[in-house]
Amino acid sequence: MGIAHGWRVQLLQRKPLPQTLAARCPTSCCVGSTQTVGWSPMSWQAFPRLLFQTVPATPLAAAQEKAEGATSQEEQSPEAPDSPSPISSFFSGSGSKQLPQAIIIGVKKGGTRALLEFLRVHPDVRAVGAEPHFFDRSYDKGLAWYRDLMPRTLDGQITMEKTPSYFVTREAPARISAMSKDTKLIVVVRDPVTRAISDYTQTLSKRPDIPTFESLTFKNRSTGLIDTSWSAIQIGIYAKHLEHWLRHFPLSQMLFVSGERLISDPAGELGRVQDFLGLKRIITDKHFYFNKTKGFPCLKKAEGSSKPHCLGKTKGRTHPDIDPEVVRRLREFYRPFNRKFYQMTGHDFGWD
Ligand code: A3P
């Protein structure tokens with residue numbers, strides 16, 4: 001399969017990725033079923049600095065942080081191979097390495113790997129396979145280090161990367177803007193309740209001894225007070241995180257991809273993404289098939305191959321059953337934040 005056909009091979013790199021995204025917040029940040037103390041979706045101005053503060057760990061926090069530490073990094077899978085193939089080594093000599101013009105900045109468990117893998121089918125997209133984590137963990141290494149991680153591109157090709165933790169990293173918007181104010185930002189968002197359960201499921205797969213989802217969800221189960229300091233919950237408060245980005249980027253430079261539609265209509269979402277990136281609409285429904293065993297759309301031909309390709313087994317896990325009452329309480333918790341997010345983005349994602 002030749003380059004001209006769009007199924008290309010590329011040089012992929014992987015770096016060790018230590019990380020802990022275990023931001024804690026004081027009690028006054030948290031919202032209970034009977035009270036809302038000092039924080040509503042309409043009054044976050046005083047909140048952001050607090051939300052990302054690190055505070056001393058309680059035994060429960062320690063359990064959470066331990067769990068999060070185990071899963072803060074996307075599992076490396078065949079989607080992010082370690083070493084270049086001989087063919088990719090041959091091609092890697094042409095073109096030059098560029099800083100990314102577009103970044104998938106979030107959200108963790110939103111469907112970010114699926115989006116990147118699908119986009120890589122496009123002949124004008126070159127992307128680094130592993131998550132670089134430059135703007136959250138390795139910023140001190142400098143832009144030259146970052147650029148060196150990127151695959152080589154020819155004129156007209158877009159360089160991309162994805163690191164979902166950028167969306168919830170306070171420093172990331174200013175840092176990305178300092179690299180280039182023109183960077184295009186893509187956020188794959190998913191119902192924050194299922195996202196939280198997916199996040200927990202990933203943690204559980206690595207640490208089967210962690211507390212139950214139900215116990216981690218609440219600061220105090222009897223009052224229904226949600227523990228917004230648990231990153232699985234905190235990441236889903238999309239509107240709050242978005243506020244930080246909008247201080248540095250216009251909304252027109254951000255694209256919000258529906259994680260749900262990426263599954264139900266991957267070609268439709270990819271159409272929007274290609275338009276946003278100024279790419280010819282080359283990825284269409286002809287590229288996808290629904291794999292019944294996997295239960296997800298897969299590529300008829302993966303990049304650099306003529307074979308069908310589904311994402312690895314760490315994508316599309318079976319979630320544990322969660323107490324419906326806890327799910328109901330979480331839906332209630334997220335509702336005002338979702339509404340605010342719909343208002344800010346001008347798009348109703350239909351989670352409520
Ligand atoms: P689950 O494993 O909870 O189902 P991310 O890549 O950002 O970590 O997101 C993982 C999620 O991508 C999976 O969460 C899955 O629901 C979703 N996803 C979207 N499209 C997919 C696809 N084609 N194949 C597998 N998973 C997909």
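One-based numbering, in listed order, for ligands and for the atoms of each.
Ligand 1 has an N or O atom lying under 3.5 Å from an N or O atom of Gly111, backbone or side chain. For Lys315, a nitrogen or oxygen atom sits less than 3.5 Å from a nitrogen or oxygen atom of ligand 1, counting backbone and side chain alike. Distances between N or O atoms of Lys294 and those of ligand 1 include no value under 3.5 Å. Distances between N or O atoms of Ser198 and those of ligand 1 include at least one value under 3.5 Å.
Within ligand 1, the atoms closer than 4.0 Å to a non-hydrogen atom of Ala114 are 19 (C), 20 (N), 21 (C), numbered from 1 in the order shown. Those atoms of ligand 1 with a heavy atom of Arg113 less than 4.0 angstrom away are 6 (O). Near Pro297, with a cut-off below 4.0 Å to any heavy atom, the atoms of ligand 1 are 22 (C), 23 (N). Residue contact check: His319 has heavy atoms under 4.0 Å from atoms 1 (P), 3 (O), 4 (O) of ligand 1.
For the residue pair Gln157 / Thr159, no side-chain donor-acceptor distance below 3.5 Å is found, with atom types taken as modelled.
Of the heavy atoms in Ile263, only side-chain atoms (C-beta onward) come closer than 4.0 Å to ligand 1. Under 4.0 Å from ligand 1, the heavy atoms of Phe118 that appear belong solely to its side chain.
The shortest separation from a heavy atom of Gln202 to ligand 1 is not under 4.0 Å, leaving the residue out of contact. Not a single heavy atom of Pro164 sits closer than 4.0 Å to an atom of ligand 1.
One finds no salt bridge joining Asp124 and Lys280 here, because no Lys/Arg side-chain nitrogen approaches an Asp/Glu carboxylate oxygen to under 4.0 Å.
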